[in-house]
There are 2 protein chains.
Amino acid sequence: MFKTRLYAPGPVDVPPQVLEATARPVVHHRTAAFKELFLRTRDKLAEVACVPGDDVLILAGSGTAGFEAGLLACIPRGAKIIGVNAGKFGERWTKLARHYGFEVAELTLPWGQAADPEAVRALLKSHPDAVAVMTTHSETSTGVLHDVEVIAKVVRETVPDALVLVDTVTSLGVAELRPKEWGLDGIFSGSQKGLMTPPGLAFAWLSERAWARTDDLHPTFYLDLRKERLQQRAGQTAYTPAVSLVAGLEVALSMLLDEGLRAVWHRRGGLNRAVLEGAGALGCKPYAERISPAVAALYAPEGVAAPDIVKGFGARGMRIAGGQDDAKGHLFRPSVMGYADRYDALVLVAALEEILLELGQPVTLGQGLAAALRVLG
Amino acid sequence: MFKTRLYAPGPVDVPPQVLEATARPVVHHRTAAFKELFLRTRDKLAEVACVPGDDVLILAGSGTAGFEAGLLACIPRGAKIIGVNAGKFGERWTKLARHYGFEVAELTLPWGQAADPEAVRALLKSHPDAVAVMTTHSETSTGVLHDVEVIAKVVRETVPDALVLVDTVTSLGVAELRPKEWGLDGIFSGSQKGLMTPPGLAFAWLSERAWARTDDLHPTFYLDLRKERLQQRAGQTAYTPAVSLVAGLEVALSMLLDEGLRAVWHRRGGLNRAVLEGAGALGCKPYAERISPAVAALYAPEGVAAPDIVKGFGARGMRIAGGQDDAKGHLFRPSVMGYADRYDALVLVAALEEILLELGQPVTLGQGLAAALRVLG
């Protein structure tokens, strides 16, 4: 018998307190009770996003809906955008932009590499008419954390008016993220990652200068951040909100704020490092040039097929992610970014030891755990 | 941040599927729907208790209620009973019997010792008028598993008519238990231990010869097994049943039967051994002479106060048990008898390593884990 454990880089295991809240009776959204819950949730979300007092809009949708809403809200159709494409999600945003007829100049990088801010600068120099730069912060497909702070600085220096729109799906609540200090113009995320809530909610924040550009643009009917801002400031939403998920989110945000945002970043970074070090001691090299705390992207050892490792976890009740696209054969990606503590990091490494042994690798039980324990202290 | 983990020898962590079932809308107990659920649950419970087809009565109450119901059902007031008192629970049953005016001859053993069947024989020989022997199977306070199979055999050989009434609170679903093959006359248990259900249900089974003695006796008004048997065979109960707990129990029983009873016993025994061995490598000696799979009763190392170890687990979100009565200072008792797999055994040992280090013990991180892993294989 194995318990069921969700160690994928989203959706993540949700705390029982959050599940309990999502199971509460559905409140009608046109009531004082919902309004009060929603406003309280918005306040907490803005704190967790390091933009206290700002509007972080909550949409019924996935992270992709959030990015789409943000892009269409502040970039005029047909404009030129720089897209950092260093993995599955960077690629998705260039596809999204092209779908709407934007002109995209891509900075395409081999998977696993972090975007070099100087390469962004060079691309911007040859495209001085670009009105925005899109990038992921934590690229979930490769486990890379792009240095969006420096990238934003470079954008400001090179094409000062260009907006910096950032996919923070797996960095919000996981990695240090300071949208205003860093000069970002948009962050977009979802509920099922660092915020430890079931999937179904998207989040969007825009800078003041991004909001200033939202006039006369053509968002979709549903994903319209201006409409939403107007409503959400009053504790309402433009369309029916996912009230149960909001109730769960409120509890999850309280847990994160009670722990303290810095403590949360520190914990999640440390746990992910412990998994990486533990796996490293078992012959699994890290895939990412610059490590995101959201996921431990790992090469399978020489001669081992990564899908067999993923299957091995599955046979133990643990859901991790494999590699996507070309990385399918050699990459596997466990994550402890959800409701996880140091013992979850140890559980992952203990399971990996067993799986590699089963697959005929020359490892000893306890070898990875020892390395993980050195990191956990 | 630490998750909350219940590693006490009851109540135990309950599987989410079971919690989900207990949260279903309350069904009225005088309906066909409840009758169907109740009969199905009874069938499964009888299978888990290794008495398929027999009546295992389900009461709204704790394990103590179950034992009280069983004792009063088949032993005439004022009769003489042999009580094996080798821990907190053995002691409880002698107190219960004396409360009702039974004459109790006690076999009192130092905590941690297993009842020697020959000592039971000797006591019976000097009390040939005893009508029953009461004993615990798994004595939760000391972590001892008494050999009730051999004890029952000795009782049959010495005073053939004496009934053997067994507290199986922490052995049902945990240790091998074969009431009919072993010639037991009553087993009494609760929902919050091996059956991984929230507390609130008691279970009682009697042998045919015990049932044959239930006429003209004086049970309490509420705890009346004859009344219950009559009702429960028809899918009803004498008094209002705890319907939500029954719904949860049905799911938990299905999980145990799906895994297979032998596999469950094997798993739980192995996990408990892994905890004992892991702790042993860290200088914690086992307390029990004959190990129950329900709980790892462990001595704190020389110079360490056991309550500090219990507190250390608490500081990590883990609830274990300390020692009771005189054992408070030196005994601590983690358990993996609930919804727990091999990774829970490792988590317990990893936490114990950290706690002992904090308390200044000369242990190395990984030292206990290595020993636990050798047991887990």
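In this text the structure is predicted, and so the values were computed from the model without any measurement. Letters A, B, ... mirror the listed sequences (proteins, then strands); counts begin at 1.
- If you tally non-hydrogen atom pairs under 4.5 Å between each of A:Gly377, A:Ala372, A:Ala351 and chain B, the highest count goes to A:Ala351.
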Please determine whether side-chain hydrogen bond (donor to acceptor under 3.5 Å, both in side chains) holds for the pair B:Ser244 and B:Thr22, giving the CA-CA distance in whole Å, both sets of side-chain angles, and the decisive distance to 0.1 Å.
CA-CA 5 Å; B:Ser244 300; B:Thr22 62; over 6 Å; no
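- Between chain A and the residues B:Glu259, B:Met1, B:Glu353, B:Arg316, the largest count of heavy-atom pairs under 4.5 Å involves B:Met1.
- Heavy-atom distances place the side chain of B:Leu346, and not its backbone, under 4.5 Å from chain A.
- At least one side-chain heavy atom of A:His137 sits under 4.5 Å from a side-chain heavy atom of A:Leu145.
- Contact annotation for A:Leu373: both backbone and side-chain heavy atoms come within less than 4.5 Å of a heavy atom of chain B.
- Taken to the nearest 0.5 Å, the CZ atom of B:Phe332 stands 8.0 Å off from the CD1 atom of B:Ile355.
- Within the 4.5 angstrom heavy-atom criterion, no atom of B:Asp258 approaches chain A.
- Two residues are said to be in side-chain contact when any heavy atoms from C-beta on lie closer than 4.5 Å; A:Val14 and A:Thr197 fail this criterion.
- Residue contact with chain A, scored on non-hydrogen atoms closer than 4.5 Å, involves the side chain of B:Leu369 exclusively.
- Among B:Thr364, B:Leu19, B:Asp344, the residue making the largest number of heavy-atom pairs under 4.5 Å with chain A is B:Asp344.
- With a 4.5 angstrom heavy-atom cutoff, B:Ala263 does not touch chain A via any of its atoms.
- Remark: the backbone N or O of B:Ala340 is not paired with any side-chain donor or acceptor of A:Lys3 at under 3.5 angstrom.
- Summarising the local packing, CZ of A:Arg273 is surrounded by 12 or fewer heavy atoms from other residues, nucleotides or ligands at distances under 6.0 Å.
- Residue B:Arg374 does not touch chain A at all, counting heavy-atom pairs closer than 4.5 Å.
- Considering only heavy-atom pairs separated by less than 4.5 Å from chain A, the leading option among B:Tyr339, B:Tyr343, B:Phe2 is B:Tyr343.
- B:Asn272 places a side-chain N or O within 3.5 Å of a backbone atom of B:Ala296 that can act as its donor or acceptor partner.
- In this structure, A:Thr168 and A:Ser138 have side chains that are not in contact, with every pair of non-hydrogen atoms separated by 4.5 Å or more.
- For A:Arg342, the part lying under 4.5 angstrom from a heavy atom of chain B is the side chain only.
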